[in-house]
Amino acid sequence: MQDYLNGLNAPQREAVTHVNGPLMIVAGAGSGKTKVLTTRIAHLMANGVDAFNILALTFTNKAAAEMKERVNKILNSNEARNLYIGTFHSVFARILRAEAHRLGYPNNFTIYDTDDSRSVIKTIVNELNLDDKHYKPNIVGSRISGAKNALIGPLAYSTDTYIQQEDLRNKRPAMAQIYAGYCARCFKNGAMDFDDLLLKMYEMLNTQPDALSKYQRKFKYIMIDEYQDTNAVQYQISKLLGAMNENICVVGDDAQSIYSFRGATIENILQFQKDYDDVKVVKLEQNYRSTQSILKVANEVIGQNKGQIPKELWTDNKVGDKIKIVRTMTDNEEGKFVSDCIQEQKLRNHYHNKDFAILYRTNAQSRAYEESLRRMGIAYKIYGGLSFYQRKEIKDMLAYLRVVVNPRDEEALKRIINYPVRGIGKTSLEKLAIVANEQNITLFETIQRSAEFGFKGGTQEALQNFVTMIRYFQTMLSEKNAYDVAVQVGKHTNLVKELFSDKTTEGLARYENVQELLNSIKYWTEIPDGEDGEVGTKDLGAFLQQVTLFTDSDTDTEDKESDVVKLMTIHAAKGLEFGCVFVGGVEENLFPNAMSINTREELEEERRLFYVAVTRAKDRLWLTFANARYRFGQLVQNEPSRFLEEMPEQFLDRSYSGGGMKNQGMNNMGGGFQHMQRGFPSQSPPPAFEKKKEPSKPATPSYLPAQPTAPKVVEHKPSENFAPSDTSNLQVGQQVEHQKFGFGTVTKMEGSAHNPIAIIEFAHNGEKKIMLNYAKLRIVE
DNA sequence: GATTATATGGTTTTT
DNA sequence: CCATATAATC
């Protein structure tokens, strides 16, 4: 027997050695799921299955990379590089890059991220003359996404009576029209959004038998991780791909299903056993991760949910510390408590920064932790939130590259056509868009043929210069690699130069970010990462398709071992484990979130999320909540989360949560003090009249006439001898004359040296802020 | 047409 | 509080 089987328990081994036929692994939290998956892949390969014939779908790219590494380690080879492994999205993007022409898309299709997608929706809503206050891009977008993930196309959408009634009830009768327009525009732009990567893959397999057969033959063995978080499209695809060989293995835990907002449904797990005749089911119930206390608490909480797949998670580990329940006055104090606690634990129990994770329900919560950690000088890293690739300067640079690779990409084109400024403004762009729609041609083609459509003079020249420039970059595509093209683009567009000349701190950071982007392109170009030969080119188009699917946690391979406290949402923490875990903001309306307490289903998903949070911890766990926290800049009160009441008392240490007096609140006269009375052990709710103090308006008592919003200018006729003076040395107190506002006195100087602003009290026109770079002023004395 | 001051309004979670 | 849409100003 191979020695890689030695470290496995009985059910684990059973799962690993089941080679042919459908297999379902129900894997509780911390039960060695990844180990089973990697060992099983290794086992397949050791038994003669070619890595090229194995498809493994994971939930994150990081997990995929890790699994590859572990398979290679087991087999002591580099064969795992030939596996088809990654997220649904990235694997299908790769396949579609080779197959997109079958569906009428360019193989160089752009992948639209959520921002791009929202922007397209905005355009469509505008073009249909609909009110974007009513048709908010986020709402419309998630509705479209929901339809796509449920395999409901625009046509089916418009004819489904239930959906139509729903939209009508929500006063959005034009949804179907927007949906259709959105799809058409994406197609015209040669672009797929995240959902399309799944949907188009499905459409191809479903409508083109030769394509289906090709990939069925290729993927003789299929494994799907986190199966409880797959949605309808993913389910259909896996069913199609697996139909021929039925060597399909799914791994999941219904208790950890937390992505229903993305269309995921637990049904898929239950359905799996009905889809195939002889499904082998293996349950992994021994937890190797957490202490007994942590596991007991987790089991008890999740037990409140109805209709679970029956299983009993147990552990041989020690009992461990009780779970600490901590109450603080405010979110800032919560942050301070966590930092203090980390410091203390490091000293007392010899932990390192990297042993700690701070988990929270919403990204906005990270701020308070961040501040206190920084103050304490504790190294940390925030995962998720605003990604590197979402920064403006990065999106700008990428937009240029996207236009070069795929000129049909209208979103990218609109972003950069006048950045840096080249005299193609809003008006011109609007005209171009109208022509493009009339002629039913792409925006780029409209620009190319602008002379035909009556563009003249400076605008026409600017347009053609732009086209020439993009064309010039395009000629490089075939000769140069991604990095060289990108460098040329940065140089030639003055984009890099513009950022370089900005010497503010933020400007410097932006410049460095662009350099970092260029470096990462270079790195990507040079490192053959072992992706198979099918689409193995390292051209710019391939890079762009990958980059949209990257997340921060995928890219930080190098500091994997760096000694930092990790901060992330609970969603992002799925599949990870940490020695010590803080779960913050365990309050009603935050966790469970106010948006998710309207139905039992929603609440149960919040509870599963809580379960996921708790089971991330190996040794020590803190659950913290604040009496009040800032929301939109205003302090709001919250009750402790109901989940805190669902846990068995004997495993809890509530000494930190008594009345909250034990904590720092007292000393902190400034912040916490005034909220003390209100926040004190749940007496009566805050009086209603306190709810909303009239937002303090600029002190204009209501009995006085309101300040005129647009003070009329008292006409001034410039003096005979009016001539603009050199104002670069203008001083407070000097008398000046302004062409329009007349005479006045400089009362204050503001702005930077680059953009000086004088505050001038005019005799007849009151106080004005005058930008000296533009205004013509005559110095009188 | 570009730049900057001001109003608005939005927070769940993510590929 | 923050990020983006709109209005004001050159």
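- For A:F578, there are no ring pair (Phe, Tyr, Trp, His ring centres under 6.0 Å) partners at least two apart in sequence or on another chain.
- When rounded to the nearest whole Å, the span between CG of A:L198 and C1' of B:dT15 equals 8 Å.
- In this structure, A:E370 places its CD atom 14 Å from C1' of C:dC1, rounding to the nearest Å.
- By the ring pair (Phe, Tyr, Trp, His ring centres under 6.0 Å) test, A:F591 is found to be paired with A:F610, A:F643, residues two or more places apart in sequence or in another chain being considered.
- Rounded to whole Å, atom P of B:dT13 lies 11 Å from atom CG of A:L609.
- A straight line from CD1 of A:I570 to P of B:dT13 spans 11 Å, rounded to a whole angstrom.
- Here B:dT13 presents its C1' atom at 15 Å from CG of A:N149, a figure rounded to the nearest Å.
- A centroid separation of 6.0 Å or more is found between the aromatic rings of A:F59 and A:H89.
- Legend: residues meeting side chain to side chain contact (heavy atoms under 4.5 Å, CB included) with A:R415, ordered by chain and number and at least two apart, are A:K392, A:K395, A:D396, A:A399.
- The interatomic distance linking A:R631 (CZ) with B:dT12 (C1') rounds to 10 Å, in whole Å.
- Checking the phosphate oxygens (OP1, OP2) of B:dG10, a side-chain nitrogen or oxygen of A:K136 falls inside 4.0 Å.
- With rounding to whole Å, A:D113 atom CG is found 12 Å from B:dT15 atom P.
- By the side chain to side chain contact (heavy atoms under 4.5 Å, CB included) test, A:T615 pairs with A:A29, A:A298, A:Y611, sequence neighbours left out.
- Side chain of A:E606, nearest nucleotide from B:dA2, B:dG1, B:dT12: B:dT12.
- Summary of the strand contacts: A:G425 and A:I258 both lie near DNA chain B, and taking for each the nucleotide with the nearest heavy atom, the more 5' one is attributed to A:G425.
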Between the protein and nucleotides 2-6 of chain C, are there any N/O to N/O pairs under 3.5 Å, and if so, what are the atom names and distances?
{"from": "C:dC2", "atom 1": "OP1", "to": "A:R367", "atom 2": "NH1", "distance (Å)": "2.8"}
{"from": "C:dC2", "atom 1": "OP1", "to": "A:R367", "atom 2": "NH2", "distance (Å)": "3.0"}
{"from": "C:dA5", "atom 1": "OP1", "to": "A:K122", "atom 2": "NZ", "distance (Å)": "2.8"}

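- At least one cation-pi condition fails for A:R402 and A:Y112: the charged atom is not both under 6.0 angstrom from the six-membered ring centre and inside a 45 degree cone around its axis.
- When the side-chain nitrogen and oxygen atoms of A:N593 are compared with OP1 and OP2 of B:dT13, none of them lie within a distance under 4.0 Å.
- The ring of A:Y630 does not lie on top of the base of C:dC1; it is either too far (5.5 Å or more) or too tilted (30° or more).
- A:I417 has its CD1 atom 17 Å from the C1' atom of B:dA2, to the nearest Å.
- Checking B:dT12, B:dT13, B:dT3 against every side-chain atom of A:H571, the shortest atom distance belongs to B:dT13.
- Under the rule for a salt bridge (charged side-chain N to carboxylate O under 4.0 Å, His left out), A:E393 has no partner lying at least two apart in sequence or in another chain.
- Defined by atom type and a distance below 3.5 Å, a donor-acceptor pair is present between the side-chain atoms of A:Q228 and A:E226.
- A:N231 comes within 4.0 angstrom of no nucleic acid atom, judged by non-hydrogen atoms across all strands.
- Figure legend: A:K200 and A:Y202 shown without cation-pi pairing, the cationic atom not lying both under 6.0 angstrom from the six-membered ring centre and within 45 degrees of its axis.
- In this structure, A:F88 does not count as stacked on the base of B:dT15 under the 5.5 Å centre distance and 30° plane angle limits.
- Between A:T60 and B:dT15 there is no side-chain polar atom (N or O) within less than 4.0 angstrom of OP1 or OP2.
- Taking 4.0 angstrom as the limit, A:T569 places a side-chain polar atom (N or O) nearer than this to OP1 or OP2 of B:dT14.
- To the nearest whole angstrom, the two P atoms, one in B:dT13 and one in C:dT4, are 16 Å apart.
- Looking at heavy-atom distances under 4.0 Å, A:T548 makes no contact with the nucleic acid at all.
- The residue among A:F632 and A:F59 whose nearest nucleotide of DNA chain B lies closer to the 5′ end is A:F632.
- Contact between the side-chain N/O atoms of A:N418 and the OP1/OP2 oxygens of B:dG1 is not found at any separation under 4.0 Å.
- Residue contacts for A:N363: at a heavy-atom cut-off of 4.0 Å it reaches the sugar-phosphate backbone alone, with no base atom in range.
- Here A:F591 lies out of heavy-atom contact (under 4.0 Å) with every strand.
- Within the 4.0 angstrom heavy-atom criterion, only backbone atoms of the sugar-phosphate kind lie near A:N138; the bases stay farther away.
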